[in-house]
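Everything on this sheet refers to the single structure shown next.
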Amino acid sequence: MSREILTSAGSPWLLLPLLALSACGCGSPDAKFLRYEVFALKTEQLNNDSRFSREQRENIDEVMQALYGTPDEPRVPALGEVPIADVLDLAKLQLAAGPVGSDEVGNVRGLYREHCAHCHGITGDGAGPTAAFLNPYPRDYRKGWFKFKSTPIGIRPTHDDLKKIVLEGIPGTAMPSFKLLPDLEVEALVHYVKYLSIRGETERALLRASMELNNDQVVLPVLAEGASPEQKTFHDDQKVIVTDAVAQVVGDWTRPAEVMTDAAAEVQARPEMTPAELAESRKRGQALFYGFAQCIKCHGESALGDGQTTDYDEWTKEFIGDGKNLQLVAEFENAGLLPPRHIIPRNLRLGVYRGGRRPLDLYWRIRNGIEGVPMPAVTMKLGDDPAAKGLTPADVWDIVNYVQSLPYQPINNPLDAAREVELLRERM
Amino acid sequence: MSAISLPAHDAHSAAHGAHTMTVGQFVRTYVFSIDHKIIGLQFLFSTLLWFLVGGLLALGIRWQLAWPWSDMPVIGRMLFSAEGGQISPEFYTTLFTMHATVMIFFVIIPILAGAFGNYLIPLMIGADDMAFPTLNMLSYWFMWPAFILIGLSFLWPPYGAGGGWTSYPPLSAVWEAAPGSMWPQNLWLLGITCVGVSSMLGSVNYMTTIIQMRAPGMTMFRLPMTIWAMFITAILQAFALPVLTAAGFMQLTDRMLGTGFFLPEGLVVNNSLPASGGGQPILWQHLFWFYSHPAVYIMILPAMGMVSDIIACFARKPLFGYKPMVYSISGIAGLGFIVWGHHMFVSGMNPLLGMTFMVSTMMIALPSAVKVFNWMGTVWGGKVQFTTPMLFALSFVSMFIIGGLSGIFMAATPVDIFIHDTYFIVAHFHYVLFAGTAMAVFGAIYFWYPKMFGRMMDENLGKIHFFLTFIFLNGTFFTMHILGAVGFPRRLADPYDYETFRHLLPMNQFMSICAICMVAAQVIFAFNFFRSMFFGTPVGRNPWGANSLEWFAPTPPGHGNFDMQPVVYRGPYEYGSPEVDTDNYPQWQPPPTDPKRLYKSEQH
Amino acid sequence: MGRFWSILFLLVPVLGVGCFVWAMADMWPMQGHWLPENINDHGRVIDNLFLFILVLTGVIFAATGLAFFWFLWKYDAAKNPQPVAFTHGSHTLEVVWSILPAGTLVFIAIYQMNAWADAKMRRPMLPGPDGQMATQDDIPKPSTCEVTGRQFEWRLRYPHSKPENWKPGDPYVYGDDDLYVVNDLHLPIHEEIVLSIKSQDVLHSFFLPNLRVKQDVVPGMLQHVWFRANKTGVYDIVCAELCGWGHYKMRGRLTVESRADFDRWIAQQVQAQSQSSFTPTPTAAE
């Protein structure tokens with residue numbers, strides 16, 4: 001009987017599905033960083049729609065790979081005096097990079113892909129497979145801007161800022177807490193986030209630099225054997241430009257450490273208060289909330305976050321402006337931008353504080369503002385001139401006390417509020 | 001009814017010479033056919049194709065559990081090449097949701113009721129077709145909108161519904177709650193509604209046909225167990241499905257129209273504030289399980305009926321305890337309506353109900369046990385022929401013992417606190433549904449194939465298919481009981497982050513390898529199935545020497561089924577009767593004229 | 001071939017029972033493949049019930065499996081020359097094998113009702129103003145922590161304000177200065193703990209494998225679980241109801257420690273939560 005199976009007319013049909021399967025291919029190619037298409041498109045638009053040439057884009061890919069490696073094998077650019085080792089540790093990057101699993105020695109690998117890539121994307125672009133379904137979208141690291149940090153707007157977050165977010169998560173969003181991971185793994189992830197951010201900022205710089213050139217020039221050409229003197233000069237000039245760009249990006253990341261050692265970064269502890277003093281402080285805070293600090297403009301007179309709801313965050317605005325040009329929006333969505341969502345001011349009556357609920361965190365949000373979104377830094381009073389306009393640290397603490405009291409106000413629960421009114425009426 | 005006298009019908013091909021058919025006639029004969037046999041075969045082919053889809057989805061699940069976050073074959077390359085083939089977590093939720101949905105609604109229910117019910121009922125009761133042939137055709141074609149809707153959901157991210165086949169709100173009812181709860185969930189709800197309509201149309205037909213169109217002499221207690229099972233199953237479907245359909249509509253309106261049947265106040269899901277208020281998520285669970293518990297009996301009773309027929313045939317001996325078997329099927333069906341709460345012991349429903357449902361759930365083990373003992377009684381004292389259908393039927397009994405006994409753990413409410421939503425549950429239902437029903441379905445295919453296609457399937461390939469499937473299914477599913485004892489949870493894309501479960505990876509890898517081999521072994525079945533259609537040994541009317549009326553019809557039966565009116569003289573299990581010299585004694589064969597040969601039996 | 005198939009069916013009870021015995025005996029490769037350690041005083045009854053049912057079903061499984069094998073072996077048509085036993089059944093047997101299982105099942109059901117009531121219906125109470133237990137004015141014992149399931153984490157809220165006339169051992173009260181922690185549940189040992197559990201968005205399920213505690217958290221419903229932990233250590237909290245793509249990520253950590261350590265931890269966390277100052281430190285290389 002078995003001979004019949006092999007020789008029967010039906011046998012070739014058995015091979016067909018097997019052939020089809022093998023033609024499909026089983027395994028996937030290695031993970032690759034994706035190009036920063038939205039920024040390329042924006043750069044083209046800002047320069048009268050002149051297009052990058054294919055060679056320019058490919059050259060940028062090569063330079064990026066030479067500087068930063070691949071998702072499986074990261075590199076840290078070696079650029080002379082740039083103190084990159086203060087910011088990126090290659091050993092930790094290697095723990096975070098690569099496919100999920102362990103290497104031959106038994107070290108864990110692929111932490112970023114295991115924990116982060118499906119939201120933040122393999123490139124750190126905030127557009128992984130899950131991202132489109134999340135509200136708010138995950139962070140796109142490539143601009144180098146982060147919302148919840150201790151540093152002022154325009155300065156990169158410190159290592160501890162990023163670590164705190166990874167450890168605590170961001171309540172009210174899809175960013176979970178990773179505090180149950182071993183410290184070494186958390187460190188590796190934080191380094192990898194910085195790596196992706198630096199990489200993204202470098203790509204922006206290279207795209208900008210490429211736009212300055214003619215279409216037949218690339219941002220860092222390979223110096224061939226029989227190159228002409230002009231080509232050599234061009235190559236050397238470009239090398240300096242590229243190195244400076246990377247140095248600037250990396251320098252931005254070493255600056256927070258300097259800024260945060262500055263005495264101006266000090267925050268003095270909130271004054272201890274008796275309940276009566278606390279009530280007074282809250283009243284003052286409320287006056288500032290409605291008055292000088294103008295919080296109600298965005299957070300609304302009810303503090304429910306309905307003051308204005310039509311703005312966008314910077315990660316979106318950079319590309320689509322006010323969002324009214326639908327064709328522009330469509331072009332960017334084709335290039336990879338997730339469908340734009342308005343940025344909604346925080347509803348302060350929920351007791352959910354994305355950047356952390358410590359008084360210190362709230363102080364930072366008010367004093368520093370939040371980078372990338374319309375929450376500005378308040379105007380602080382500089383110097384001792386009583387006529388100068390601005391808030392003192394005590395004022396900011398008053399606002400913090402007021403904000404912290406908002407979730408517990410009886411008015412939040414209409415049933416309780418109705419009872420309060422009833423009780424008031426009875427007493428009257 | 002046209003069951004009394006029939007003109008003689010030749011085999012099907014003589015009446016409709018293929019060359020002389022117009023397109024319209026072809027479409028009416030083979031596409032929108034009202035012949036129950038064609039409809040049955042349409043169901044059979046559709047469900048076998050979906051079986052392949054469901055099996056591949058299961059392999060996706062097993063791959064992720066064995067090699068988490070690694071490059072998934074074919075799927076990784078097609079959908080996740082940017083990440084090097086690593087699937088996303090929401091894709092995992094889609095895998096297990098769609099695996100269960102496809103297997104339950106597109107494979108098991110339609111193949112039992114739609115394929116075998118349709119094909120066998122008129123033949124086994126001696127009728128020429130169903131009571132409502134056009135309704136029958138509609139019940140098949142109502143499956144196609146469901147196929148298309150669910151098929152569409154596979155095409156764009158997130159590639160399918162993701163709320164579990166149980167579709168609990170608020171996860172499934174709130175648009176923003178999960179990627180798979182966005183547009184694919186709408187398709188899912190509409191698809192399930194279409195399947196429900198198809199089943200309800202079919203059930204009305206089966207009940208009417210069985211009650212009204214039996215051949216002369218075919219009393220209810222001379223019906224084969226297959227027919228009893230199909231009859232009781234049809235009653236289950238008719239009473240239970242409307243509840244699911246209603247619940248499905250309620251969830252659809254919750255999603256799209258702002259009703260709040262299942263959504264309580266104050267939900268903040270993924271930073272959206274869904275229109276909600278006044279609803280109760282547990283209400284869905286009650287409505288859903290009110291259908292889905294009888295559904296699991298819908299998914300096993302026809303298989304039990306067919307297994308009874310096959311075992312009696314190949315033990316060459318009457319079925320042990322015919323009436324107890326009938327009463328057991330009825331008991332299972334009746335009790336099946338009052339046990340739904342055992343899916344909800346820890347759901348937050350009133351704990352007092354935990355006690356009442358525990359008692360009724362424990363009781364439902366009784367009729368199942370009675371059936372197992374009766375099958376064993378059928379084998380005892382027989383002359384067992386180990387043909388392929390018999391092997392599958394025997395394995396049904398053996399595996400059903402495991403599935404049924406594991407159910408007792410879950411019926412024990414305090415124990416269920418620990419094993420709910422773990423792999424113990426997964427083991428239980430895969431044993432009853434795959435090691436039980438699917439094995440019975442394979443056996444039924446091998447058994448009735450000659451009647452359907454006029455040729456035998458290859459016995460040797462059949463036995464190899466059985467052996468490999470049997471070995472690998474036990475390798476895949478038995479160790480799930482052990483995993484469940486550890487508390488290994490269901491539906492986790494990556495359970496190995498947890499200290500409690502980290503060391504269970506090797507066992508999961510073993511199970512995945514067995515699963516891959518098991519699915520691969522089905523290639524033998526597919527090959528056998530298609531090859532035998534053209535090159536199998538041609539057979540006559542009754543190759544197995546069975547007793548029931550379908551073996552009286554020509555092979556394959558023509559339009560109208562029988563070439564002369566069958567008359568029934570006895571029950572379907574008179575194998576080894578002393579009244580005749582053959583070891584089978586068909587229902588349609590008149591008794592011997594010599595009164596001395598007649599045998600008095602207390603049951604038949 | 002019949003002999004071969006009979007042996008195959010014999011392997012089912014043999015390997016089936018063998019697999020369980022092997023796992024229970026903690027032997028390679030199934031070491032640690034059994035019930036996880038139970039540290040809940042109330043959890044033992046669940047484990048005992050599990051084992052009781054296991055033994056009962058194991059015996060039935062082995063007996064039916066062996067009988068099944070024996071019938072297939074003995075009545076193999078190729079080897080059995082006897083005519084078939086032409087019988088349609090046995091009324092006596094039907095009665096016996098209906099009554100016996102029915103009785104056993106009803107017995108198991110009733111036997112377990114107490115354990116169920118203990119786990120789900122008898123919430124720990126405190127004596128009311130009259131100071132007596134089990135009187136009408138008893139109040140439910142306040143919870144030590146409020147656990148809110150949310151996509152995809154466990155948000156924990158600990159009361160730590162002391163009411164008037166508080167003495168050690170008394171519960172704390174919830175207020176507007178509660179401690180909010182994520183995923184990190186600490187509890188004192190050897191005390192009857194009550195936890196309030198709720199959900200903010202979709203169904204989750206609060207599962208403590210080592211305490212044999214599981215309860216779905218339903219949005220719109222406030223529920224309670226209770227237990228008494230009897231061993232210090234660190235244990236998993238698992239979400240046991242599908243809640244979305246991050247269902248697998250909802251891992252929490254339960255730390256059981258002495259009351260003194262627990263109070264100390266609460267105090268530490270409260271202090272960290274009320275941090276309001278920042279002092280610049282000299283840079284250290286990362």
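Throughout, protein chains are lettered first and strands after them, A, B, ... in sequence-line order, and every chain is numbered starting at 1.
Interface remark: of the candidates C/G2, C/G220, C/P101, C/G2 forms the most heavy-atom pairs closer than 4.5 Å to chain B. For the set B/M355, B/R490, B/M507, the count of heavy-atom pairs under 4.5 angstrom toward chain C peaks at B/M355. In terms of heavy-atom pairs under 4.5 angstrom with chain C, the leader among B/D421, B/T93, B/V269, B/I417 is B/I417. Interface remark: of the candidates B/I471, B/N474, B/I402, B/I402 forms the most heavy-atom pairs closer than 4.5 Å to chain C. Among C/K79, C/K120, C/Q112, the residue with the largest count of heavy-atom pairs under 4.5 Å with chain B is C/Q112. Here B/M362 is the residue among B/H481, B/K317, B/M362 with the most heavy-atom pairs under 4.5 Å with chain C. When each of B/I419, B/L263, B/T361, B/L267 is scored by its heavy-atom pairs under 4.5 Å with chain C, the top score falls to B/L267. No other option in C/F71, C/W245, C/W116 has as many heavy-atom pairs under 4.5 Å with chain B as C/W116. Comparing C/G246, C/A119, C/C243 by heavy-atom pairs within less than 4.5 Å of chain B, the highest count is held by C/C243. Comparing C/S199, C/A115, C/P36 by how many heavy-atom pairs each has under 4.5 Å with chain B, the most go to C/P36. Interface summary for chain B: among C/L242, C/I46, C/L49, C/N80, the most heavy-atom pairs under 4.5 angstrom belong to C/L242. For the set B/F418, B/Y498, B/F501, the entry with the most heavy-atom pairs within less than 4.5 Å of chain C is B/Y498.
Residue contact with chain C, scored on non-hydrogen atoms closer than 4.5 Å, involves the backbone and the side chain of B/L394 alike. For chain B, the nearby part of C/M221 is the side chain; its heavy atoms alone come within less than 4.5 Å. Only the side chain of B/V397 comes within less than 4.5 Å of a heavy atom in chain C; its backbone stays farther off. Both the backbone and the side chain of C/Q215 come within contact range of chain B, judged by heavy atoms closer than 4.5 Å. Of the two parts of B/N350, neither the backbone nor the side chain holds a non-hydrogen atom closer than 4.5 Å to a non-hydrogen atom of chain C. Contact of B/P489 with chain C is made through the side chain alone, with heavy-atom distances under 4.5 Å. Proximity to chain B is absent for every atom of C/E37, based on heavy atoms less than 4.5 angstrom apart. If you measure heavy-atom distances from C/P81 to chain B, the contacts under 4.5 Å come from the backbone alone. Using a 4.5 Å cut-off between heavy atoms, B/I401 touches chain C through its side chain atoms alone. Using a 4.5 Å cut-off between heavy atoms, B/T422 contacts chain C through its side chain alone, with no backbone atom that close. Neither the backbone nor the side chain of B/Y573 comes within less than 4.5 Å of any heavy atom of chain C. Both the backbone and the side chain of B/L352 have a heavy atom closer than 4.5 Å to some heavy atom of chain C. Contacts of B/P414 with chain C are made by both backbone and side-chain atoms, with heavy-atom separations under 4.5 Å. Looking at B/E176, there are no atoms closer than 4.5 Å to chain C (heavy atoms on both sides), in backbone or side chain. B/Y92 does not touch chain C: none of its heavy atoms, backbone or side chain, sits under 4.5 Å away. Looking at B/S577, both its backbone and its side chain come within 4.5 Å of chain C, counting heavy atoms on both sides. Contact of B/E265 with chain C is not made at all, since no heavy-atom distance falls under 4.5 Å. Using a 4.5 Å cut-off between heavy atoms, C/L72 touches chain B through backbone and side chain atoms alike. With a 4.5 angstrom heavy-atom cutoff, B/M344 does not touch chain C via any of its atoms.
Distance alone, capped at 3.5 Å, is enough to place a donor-acceptor pair between the B/H503 side chain and the C/G32 backbone. When atom types are taken as modelled, the side chain of B/R316 and the backbone of C/V84 share no donor-acceptor pair closer than 3.5 angstrom. Between the side chain of B/K383 and the backbone N or O of C/Q82 there is at least one donor-acceptor pair closer than 3.5 Å.
Applying the 6.0 Å contact sphere to NZ of C/K74 captures no more than 12 heavy atoms from other residues, nucleotides or ligands. By the 6.0 Å contact criterion, CD on C/Q31 is enclosed, its count of non-hydrogen atoms from other residues, nucleotides or ligands being greater than 12. Heavy atoms of other residues, nucleotides or ligands lying less than 6.0 angstrom from CH2 of B/W380 number 12 at most. Around atom CZ of B/R502, more than 12 heavy atoms belonging to other residues, nucleotides or ligands sit under 6.0 Å away.
Residue B/A177 comes nearest to C/Q151 through the heavy atom pair O-NE2, 2.8 Å, listed as atom of the first residue, atom of the second, then distance. The minimum heavy-atom distance between B/P281 and C/L203, with the atom names listed, is CB-CD2, 4.3 Å. In this structure, B/A365 and C/L105 approach most closely via the heavy-atom pair CB-CD1, 3.8 Å. What you find for C/S98 and B/L366 is that their closest heavy atoms are O-CD1, 3.2 Å. C/F68 and B/S398 get closest at one heavy-atom pair: CE2-CB, 4.0 Å. Between C/A102 and B/M363, the shortest heavy-atom distance links the atoms CB-CE, 4.3 Å.
Residues of residues 205-214 of chain C having a heavy atom under 4.5 Å from any heavy atom of chain B, listed by number: C/F207, C/P209, C/N210, C/R212, C/V213, C/K214. Taking 4.5 Å as the heavy-atom cut-off, the residues of residues 9-17 of chain C that approach chain B are C/F9, C/V12, C/G16, ordered by number.
Remark: C/W34 engages B/I482, B/A485, C/F20, C/A23, C/M24, C/F50, C/L51, C/L54 in a side chain to side chain contact (heavy atoms under 4.5 Å, CB included) (not counting sequence neighbours). Not counting sequence neighbours, C/H42 has no partner by the ring pair (Phe, Tyr, Trp, His ring centres under 6.0 Å) test.
Centroid-to-centroid, the aromatic rings of C/F4 and B/F467 come within less than 6.0 Å. Side-chain rings of C/W5 and B/F466 approach one another, their centers coming within less than 6.0 Å.
No side-chain heavy atom of C/D201 sits less than 4.5 Å from a side-chain heavy atom of B/N270. Counting heavy atoms from C-beta outward, B/Q280 and C/V218 have side chains that approach closer than 4.5 Å.
Counting only N and O atoms by type, the side chains of B/T500 and C/D236 include a donor and acceptor under 3.5 Å apart. With hydrogens and angles left out, the side-chain atoms of C/D76 and B/Q385 include no donor and acceptor closer than 3.5 Å.
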B/F320/C/E94 under side chain to side chain contact (heavy atoms under 4.5 Å, CB included): CA gap, chis, key distance, verdict: CA-CA 10 Å; B/F320 200 92; C/E94 299 290 345; 3.9 Å; yes
